[in-house]
Colleague: 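Below you will find the structure I want to go over with you.
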Amino acid sequence: MQDYLARLNPEQRRAVETLDGPLLVLAGAGTGKTRVLTARFAHILMTGQAAPGQVLGVTFTNKAAREMRERVAAILGRPVEGLWLGTFHSLGARILRRHADHVGLTSQFTIIDTDDQVRLIKQLLEAERVDTRRWQPQILTAAIQRWKDRGLTPQSITAADAADLAAGRAQTLYGAYQERLRTLNAADFGDLLLHTTEILRARPDVLEQYQRTFRYILVDEYQDTNVIQYLWLRLLAQRHRNICCVGDDDQSIYSWRGAEVENILRFERDFPGATVIRLEANYRSTPAILAAASGLIAHNQGRLGKTLRAGAAHASSEKVQVIATWDSDEEARVVAGQIERLRAEGHPLAEMAVLVRAGFQTRAFEERLINIGIPYRVVGGLRFYERQEIRDALAYFRAVVQPADDLAFERIINVPKRGLGEVALRALHDEARTRAVPLAEAAAALIADGRLKGRARQEAARLLRGLAQWRALLESEGHVVGAAAILDESGYVAMWQNDKAPDAPGRLENLKELLRALGEFETMTGFLDHVALVMENDEAGDADRVSLMTLHAAKGLEFDTVFLPGWEEGLFPNQRALDESGNKGLEEERRLAYVGLTRARRRVVVSYSANRRIYSSWQSNLPSRFIEELPAAEIELVGSVALAREARVGGPAMFPAQFPLLASRGKTVDVWERPARPAREKPVPVGARVFHQKFGYGTVRAADDDRLDITFDKAGEKRVLDRFVELVIA
DNA sequence: AGTGGGACGCTTTTT
DNA sequence: GCGTCCCACT
């Protein structure tokens with residue numbers, strides 16, 4: 001009830017109670033940003049300043065939106081109905097569906113994802129006879145996305161914007177792409193905001209309606225907003241000016257996706273008379289971690305300036321460990337060893353995370369963790385909706401719901417194989433283009449006049465009949481029964497049932513999961529929107545596992561112990577970021593490091609290795625400049641880092657061959673020695689049948705103390721520790 | 001129509 | 001080292 005205010009510190013409380021006028025809350029890492037946002041939300045509702053339907057809450061991720069909804073409900077003691085609370089994109093979609101006709105779409109439009117975009121662009125490039133090897137579709141797709149992020153339409157981009165893209169035809173192609181989307185009755189992510197903004201600008205009546213509705217606007221992660229999001233917000237906020245943006249310029253790490261830190265830096269100019277409140281009391285990390293993070297980020301220029309201070313007393317404050325290793329394999333061993341030791345000391349694995357700069361780095365850790373039998377999960381890998389079978393199934397649903405959805409139709413026309421290959425498809429495309437009709441309609445025409453012959457004709461007719469029947473079935477029987485029928489009668493399920501690949505059963509499981517998820521929605525359209533906009537894996541998260549993820553994926557999370565491997569020049573800061581964006585790139589990398597450090601509550605272990613396996617070859621690296629930027633008083637150098645540091649500070653650029661770390665090979669420091677563990681009570685006999693969590697069943701070939709060489713039935717030869725296998729009683 | 005081999009090119013990626 | 005894409009072959 002009222003005590004949501006009592007739990008706040010004075011600055012947080014001010015941020016919650018300053019309801020009128022523009023407000024910028026600069027919330028450092030771990031300073032209770034979410035608490036403030038949710039308390040403010042609840043405060044507006046509880047004091048009767050606005051009804052739930054008059055508050056607009058905007059986040060970047062669905063997860064953040066969900067959390068906020070739950071926490072507001074918890075404060076109020078009941079679920080809240082009618083809130084406009086969601087991501088920029090979901091809110092954009094919601095508004096756009098109501099006014100789609102203004103931009104030439106129907107309210108049933110499909111939201112396409114990046115994959116579909118690329119395929120579309122590729123087709124357009126080919127139609128324009130642009131060499132897609134030299135001018136990659138992905139590049140143009142990305143460019144168009146960036147334009148949309150900046151609120152630029154095909155008409156408003158400049159020649160300079162479009163130069164060096166798609167053989168100089170980028171502007172035409174962008175226009176053609178938008179036209180194509182309209183024909184397909186589809187919108188990409190960028191359109192959800194671009195179209196909406198266009199409508200708000202062109203239709204004062206519509207704009208006024210929304211401006212009146214939204215008496216209070218709350219924006220999370222404001223430092224990550226791009227131009228179009230900013231324009232969208234400004235339009236909506238103009239009337240009441242009760243806009244509260246919460247963000248941290250030091251955590252802006254998405255400029256490469258169009259985010260503009262400038263939005264936060266110039267808030268006071270854009271909203272004159274704005275109140276600015278700084279949240280600087282950190283309740284998350286130990287003083288050593290805070291000092292290390294602050295010392296590092298102080299190297300950035302052009303900050304709004306915040307200093308984190310410890311908001312709570314800490315019984316102990318371990319220094320930040322910095323570990324040098326010889327190569328990336330050793331680094332993985334060391335980190336995994338520490339994880340193992342911490343676990344043995346009673347720390348839950350769920351409170352540990354390995355945060356890397358680039359996705360490929362997780363592999364070394366995965367291998368090592370598997371080897372020593374520590375459960376882990378990789379956050380943000382292949383997502384559910386990205387899987388082939390899910391995309392296929394969704395394409396079926398889309399093709400049924402929306403006959404004009406050529407992208408979906410094309411995806412399913414020959415899945416399962418129907419003998420409708422490239423030749424048939426080309427004929428369809430020709431017909432569709434000359435008559436400007438969807439592919440499905442073109443197919444019907446070719447069947448009718450006999451231009452499709454034989455098996456192709458038969459199969460195409462069957463598919464079209466199917467689509468029509470399923471459409472009727474969705475109407476009469478509902479989306480769940482309809483969907484199941486589609487997957488079954490199309491032969492799609494049978495296709496996987498007949499597939500002998502080992503992953504086929506899993507795919508069938510995923511399809512079942514998809515149908516189950518579908519059941520939670522009222523309509524097929526609602527479900528398809530959800531899938532297009534909500535891209536997260538619903539993995540069971542309750543098991544005790546170490547988390548492996550990129551630094552980007554870690555933003556907003558916290559753990560007791562955080563491992564930050566790979567702090568090497570070239571990798572982190574990333575060479576490409578430096579090459580492409582110079583000092584700006586470097587500063588963003590530094591913010592990424594800051595984000596990494598501030599994820600930790602109690603313990604940070606930074607590490608780097610002199611040699612790293614990248615793809616197939618080895619590369620030598622210098623330690624990251626960020627290591628030097630950590631205040632010496634807060635860190636503990638392990639191994640020969642001290643040496644390396646002196647050498648590097650002392651001299652100019654250094655060649656890997658001179659690197660003193662080479663001398664550290666073989667040297668081990670006790671921190672990463674494997675802890676003594678109770679041996680297995682009875683040794684595992686050679687020849688025994690055993691079971692291993694990861695590798696399955698196998699036969700023991702040799703035993704050396706607690707290490708077993710096992711030939712697994714599926715996984716082949718492995719050396720594993722005996723405590724990770726179970727004896728199989730035959 | 002489907003597949004197998006070689007060339008290529010790889011930072012991050014909330015929607 | 002691996003996945004993707006294209007072309008050549010069957």
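Quick caveat: nothing in here was measured; it's all calculated off a predicted structure. Labels below follow one simple rule: chain letters A, B, ... track the order of the sequence lines, proteins then strands, and each chain is numbered from 1.
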Colleague: Taking CG from A:N62 and C1' from B:dT13, how many angstroms apart are they, rounded to a whole number?
Modeller: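 About 15 Å, once rounded to whole Å.
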Colleague: Touch check for A:Q145, heavy atoms < 4.0 angstrom, all strands: base, sugar-phosphate only, or nothing?
Modeller: nothing
Colleague: Base, sugar-phosphate, or nothing: which does A:E580 touch, judged by heavy atoms less than 4.0 Å apart?
Modeller: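 Base contact.
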Colleague: Less than 4.0 angstrom between a side-chain N/O of A:K122 and OP1 or OP2 of C:dC6, yes or no?
Modeller: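 Indeed, a polar side-chain atom of A:K122 lies that close.
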Colleague: Any idea which of B:dT14, B:dT13, B:dC10 is nearest the A:Q136 side chain?
Modeller: B:dC10
Colleague: Tell me: CZ of A:R613 to P of C:dC2, nearest whole Å?
Modeller: 10 Å
Colleague: Let's see if you can work this out: which of B:dC10, B:dT14, B:dT13 has an atom nearest to the side-chain heavy atoms of A:A553?
Modeller: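 Out of B:dC10, B:dT14, B:dT13, the nucleotide with an atom closest to A:A553's side chain is B:dT13.
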Colleague: Within the structure shown, what part of the strands sits under 4.0 Å from A:G190 by heavy-atom distance: base, sugar-phosphate, or nothing?
Modeller: nothing
Colleague: Report the residue (A:A259 or A:N574) whose heavy-atom-nearest nucleotide on DNA chain B is the more 5′ of the two.
Modeller: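 Of the two residues, A:N574 wins.
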Colleague: Checking A:Q117 side chain against A:I112 main chain: does a donor-acceptor pair fall under 3.5 Å?
Modeller: no
Colleague: Using a cut-off of 4.0 Å on non-hydrogen atoms, how would the nucleic acid contact of A:G359 be classed: base, sugar-phosphate, or nothing?
Modeller: sugar-phosphate
Colleague: CD of A:Q138 versus C1' of B:dT13: gap in Å, rounded?
Modeller: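 In whole Å, B:dT13 C1' and A:Q138 CD are 14 Å from each other.
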Colleague: Rounded to the Å, how far apart are A:R455 CZ and B:dA1 P?
Modeller: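 From A:R455 CZ to B:dA1 P: 9 Å.
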Colleague: Choosing from B:dT15, B:dT12, C:dG1, which nucleotide comes nearest the side chain of A:R363?
Modeller: C:dG1
Colleague: To the nearest angstrom, how far is A:Q388 atom CD from C:dT4 atom P?
Modeller: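 Answer to the nearest Å: 10 Å.
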Colleague: Check whether the ring centres of A:Y608 and A:F572 lie less than 6.0 Å apart, and answer yes or no.
Modeller: no
Colleague: Please state how far atom CG in A:D116 lies from atom P in B:dT15, giving the value in whole angstrom units.
Modeller: 17 Å
Colleague: As a test of understanding, state which of A:D224, A:D250, A:D220, A:D248 forms a salt bridge (Lys or Arg N to Asp or Glu O under 4.0 Å) with A:K555.
Modeller: A:D224
Colleague: Ring-on-base stacking between A:W256 and B:dT12, under 5.5 Å between centres and under 30° between planes: is it there?
Modeller: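 According to the criterion (under 5.5 Å, under 30°), yes, A:W256 stacks.
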Colleague: With a 4.0 Å cut-off on heavy atoms, is A:A577 in touch with a base, just the backbone sugar-phosphate, or nothing at all?
Modeller: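 Base contact - A:A577 has a heavy atom under 4.0 Å of at least one base atom.
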Colleague: If you check the A:R257 side chain, which of B:dT13, B:dT12, C:dC2 turns out closest?
Modeller: B:dT13
Colleague: Write down the atom of A:V25, the atom of A:C244, and the distance for their closest heavy-atom approach.
Modeller: CG2-SG, 4.2 Å
Colleague: CG of A:N226 versus P of B:dT15: gap in Å, rounded?
Modeller: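 In whole Å, B:dT15 P lies 14 Å from A:N226 CG.
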Colleague: Looking at A:T550, I'd like to know whether one of its side-chain N or O atoms comes within less than 4.0 Å of OP1 or OP2 on B:dT13.
Modeller: yes
Colleague: By the 4.0 Å heavy-atom rule, please label A:Y254 as base, sugar-phosphate, or nothing.
Modeller: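 Result for A:Y254 = base.
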Colleague: Mind checking A:N414 for me? I need base, sugar-phosphate or nothing, with any heavy atom below 4.0 Å counting as a touch.
Modeller: sugar-phosphate
Colleague: Not counting sequence neighbours, which residues clear side chain to side chain contact (heavy atoms under 4.5 Å, CB included) with A:A461? List them please.
Modeller: A:I447, A:R465
Colleague: In whole Å, what is the span from the OH atom of A:Y594 to the P atom of B:dT12?
Modeller: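 Atom OH in A:Y594 sits about 24 Å away from atom P in B:dT12.
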Colleague: With A:R398 as reference, evaluate A:D113, A:D529, A:D405 under the salt bridge (Lys or Arg N to Asp or Glu O under 4.0 Å) test and give the passing residue.
Modeller: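 In the set A:D113, A:D529, A:D405, the residue that makes a salt bridge (Lys or Arg N to Asp or Glu O under 4.0 Å) with A:R398 is A:D405.
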Colleague: Taking the nucleotide of DNA chain B with the nearest heavy atom to each, does A:K555 or A:L420 sit closer to the 5' end?
Modeller: A:L420
